Amino acid sequence: MPWQPRRPRVQAPPVPELPEVETIRRQLGPRLAGRRIVGATAHPSAKFAPATRAVGATVGDLRRRGKYLLADLDDDRELIVHLGMTGSLRCLPAGPRDDPYERAVWALDDGTELVFRDVRRFGRLAVVSAGDHRELPTLASLGPEPFDPALDDAAFASALRASSRAVKTQLLSQRPVAGVGNIYADEALWRAGVHPGDRRLTRPASAGLLAAVRSVLAAGIEHGGTTLRDYVDAEGRRGTNQLHLDCYGRAGEPCTRCGERLRSGTLDARTTTWCPRCQPPRAPRTLRVTIW
DNA sequence: CGGGGTTCCTGGCCGC
DNA sequence: TGCGGCCAGGAACCCC
């Protein structure tokens, strides 16, 4: 019973997705390259304690896979960071900050500190042998990067056919394509005119969805990410992509394409917004949609 | 192995 | 106005 009625929410939590993580990577990469980690402190939770294992290593490239940041270390290991829902990663001057939400702090050899702040503690850190992602199963079986040329219409359609779950659930699984979360999933489905609960897509719909995923992610990167409440990039700045959202968070407002009132519900316990006119369900019998 | 459900967390919203 | 209850949400985790 995946669909439940729900009331609209005024506020939505910030969730770093691919554009937000990519924005942070681009800013942080040059600042971290060549820096030696000379010390570290971490929250005792198993999610953050691995931070201290990076002490002594020198950082190389900062890469991104989906929503994961991977910092190459010079000892054939890598430091992996997932921001979860409320995580941020910044380089700050060393010194006491009295911030109760700092979960890990790495002291660098240039006098700065790399600070991982995460209010809700849904984020996660790991230090592993290079390429050994067994302790992060979603990363280990992550789908292709959205802008990978090898991800063509046929490959995407084939990946979607591998599961009979709702198409939005599949997008959020990170398997057909990496990096899509709740915001960009709703945006892409709206742009492609695909109902989030559809379980089988036609070839044209599948191709349209891939194109839409790429365009909404590209727009997100171009605008420095989406800031709904307190997402900030590596320099503490808010993104502006929230000014360009057509669907997510707009339940009850008119569709920017057709004027119909956008509807909201939950799909697999996730807030979902869609336009009933632009995104009609292909197989109504498989869904039970209740309108608030 | 896929599908489905549960858990982790906390601030902020809602209702009384 | 104050306070307690409840909810969101990515990915790990567990069970079938």
Side-chain angles (χ1 to χ4, degrees), chain A residues 1-21 24 42-50 64-70 80-89 99-104 116-126 128 132-143 158-187 196-197 199-200 217 220 225-232 248-249 251-252 264-273 286-288 292:
Chain A
M1 188 184 303
W3 284 94
Q4 296 290 323
R6 70 178 295 283
R7 293 189 178 83
R9 293 183 66 82
V10 177
Q11 290 270 23
V15 180
E17 303 181 31
L18 185 150
E20 292 71 37
V21 177
I24 290 171
H43 184 280
S45 159
K47 292 177 174 181
F48 311 114
R64 182 193 55 72
R65 273 286 282 138
K67 307 175 197 174
Y68 293 83
L69 280 170
L70 303 92
I80 303 175
V81 178
H82 193 288
L83 298 174
M85 291 179 60
T86 56
S88 68
L89 202 57
D99 182 344
Y101 302 117
E102 291 185 0
R103 308 305 184 189
F116 179 68
R117 182 177 193 272
D118 183 13
V119 173
R120 288 194 185 174
R121 291 202 256 157
F122 270 50
R124 192 177 191 92
L125 306 172
V128 302
D132 180 3
H133 299 153
R134 284 174 297 177
E135 63 180 86
L136 298 160
T138 300
L139 174 59
S141 57
L142 197 63
S158 171
L160 288 179
R161 275 197 308 273
S163 165
S164 61
R165 307 187 79 185
V167 62
K168 180 175 177 185
T169 303
Q170 290 208 60
L171 287 177
L172 297 180
S173 78
Q174 311 300 306
R175 290 298 296 270
V177 60
V180 177
N182 208 31
I183 297 171
Y184 296 98
D186 276 5
E187 289 297 301
R199 289 169 187 274
R200 287 200 59 208
L217 292 177
T226 299
T227 299
L228 291 169
R229 189 183 299 155
D230 54 13
Y231 158 77
V232 292
Y248 181 90
S264 180
T266 61
L267 173 56
D268 294 341
R270 292 177 175 92
T271 303
T272 297
T273 304
T286 66
L287 297 175
R288 196 164 63 78
W292 51 266

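Note that the structure is a prediction, hence the values are computed from the model and not measured. Residue numbers start from 1 in every chain, and the chains themselves are labelled A, B, ... in the order their sequence lines are given, proteins ahead of strands.
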Novice: Tell me: CZ of A/Arg120 to C1' of C/dG10, nearest whole Å?
Specialist: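 To the nearest whole Å, that distance equals 12 Å.
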
Novice: Can you find a side chain N or O atom of A/Thr86 that sits less than 4.0 Å from OP1 or OP2 on B/dT10?
Specialist: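 Looking at the OP1 and OP2 atoms of B/dT10, neither is under 4.0 Å from any side-chain N or O of A/Thr86.
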
Novice: Take atom CE of A/Met85 and atom P of B/dC9, then tell me their distance rounded to the nearest Å.
Specialist: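 About 14 Å, once rounded to whole Å.
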
Novice: Are any of the side-chain nitrogens in A/Arg270 or A/Asp268 under 4.0 Å away from the carboxylate oxygens of its partner?
Specialist: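 Here A/Arg270 does not pair with A/Asp268 in a salt bridge, since their nearest N and O are not under 4.0 Å apart.
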
Novice: In whole Å, I'd like the distance from the CZ atom of A/Arg165 to the P atom of B/dG3.
Specialist: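 Interatomic distance, CZ of A/Arg165 to P of B/dG3: 6 Å.
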
Novice: With the side chain of A/Thr271 defined as its heavy atoms from C-beta on, choose the nearest nucleotide among B/dT10, B/dG4, C/dG9.
Specialist: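 Given the options B/dT10, B/dG4, C/dG9, the side chain of A/Thr271 is closest to C/dG9.
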
Novice: In this structure, how many angstroms lie between the C1' atom of B/dG3 and the CG atom of A/Leu267, rounded?
Specialist: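 Distance, rounded to whole Å: 14 Å.
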
Novice: Could you check whether any side-chain heavy atom of A/Thr273 comes within less than 4.5 Å of a side-chain heavy atom of A/Tyr248, counting everything from C-beta outward?
Specialist: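 No, side chains not in contact.
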
Novice: Do nucleotides 11-16 of chain C as a string where each nucleotide becomes B, S or -: B if the base has a protein heavy atom under 4.0 Å, S if just the sugar-phosphate does, - if no protein is that close.
Specialist: BSS---

Novice: For the helix from B/dG2-C/dC16 to B/dC16-C/dG2, figure out the bend between the end axes, five pairs an end, and round to 10 degrees.
Specialist: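 Nearest ten degrees gives 40° for this helix.
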
Novice: Output all residues satisfying side-chain contact (heavy atoms from CB on, under 4.5 Å) with A/Gln174, sequence neighbours left out; order by chain, then residue number.
Specialist: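 For A/Gln174 the side-chain contact (heavy atoms from CB on, under 4.5 Å) partners, ignoring immediate neighbours, are A/Lys67, A/Thr138, A/Leu142.
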
Novice: Looking at residues at least two apart in the chain, or sitting in another chain, which of them share a side-chain contact (heavy atoms from CB on, under 4.5 Å) with A/Arg200?
Specialist: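 A/Arg200 satisfies side-chain contact (heavy atoms from CB on, under 4.5 Å) with A/Arg282 once adjacent residues are dropped.
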
Novice: Please answer whether the main-chain N or O of A/Gly143 pairs with a side-chain N or O of A/Arg65 as donor and acceptor at a distance below 3.5 Å.
Specialist: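 Yes; judged by distance alone, with no hydrogens or angles, the pair exists.
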
Novice: Can you check the A/Arg175 CZ to C/dG10 C1' distance for me, whole Å?
Specialist: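 Rounded to the whole Å, the gap is 16 Å.
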
Novice: Using whole Å, report how far CD1 of A/Ile183 lies from C1' of C/dA8.
Specialist: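 One finds 12 Å between C1' of C/dA8 and CD1 of A/Ile183, rounded.
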
Novice: Less than 4.5 Å apart, any side-chain heavy atom of A/Leu83 and any of A/Ile24?
Specialist: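 A/Leu83 vs A/Ile24: side chains touch.
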
Novice: Assign the ring pair A/Phe48 / A/Phe116 to parallel, tilted or perpendicular, where the plane angle (0 to 90°) is split at 30° and 60°.
Specialist: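 Ring orientation, 0 to 90° scale: tilted.
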
Novice: Going by the salt bridge (Lys or Arg N to Asp or Glu O under 4.0 Å) test, which pairs reach into residues 162-186 of chain A, not counting sequence neighbours?
Specialist: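 The answer is A/Lys168-A/Asp186.
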
Novice: Please name all residues satisfying ring pair (Phe, Tyr, Trp, His ring centres under 6.0 Å) with A/His133, sequence neighbours left out, ordered by chain then number.
Specialist: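 Result, ring pair (Phe, Tyr, Trp, His ring centres under 6.0 Å) vs A/His133: none returned.
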
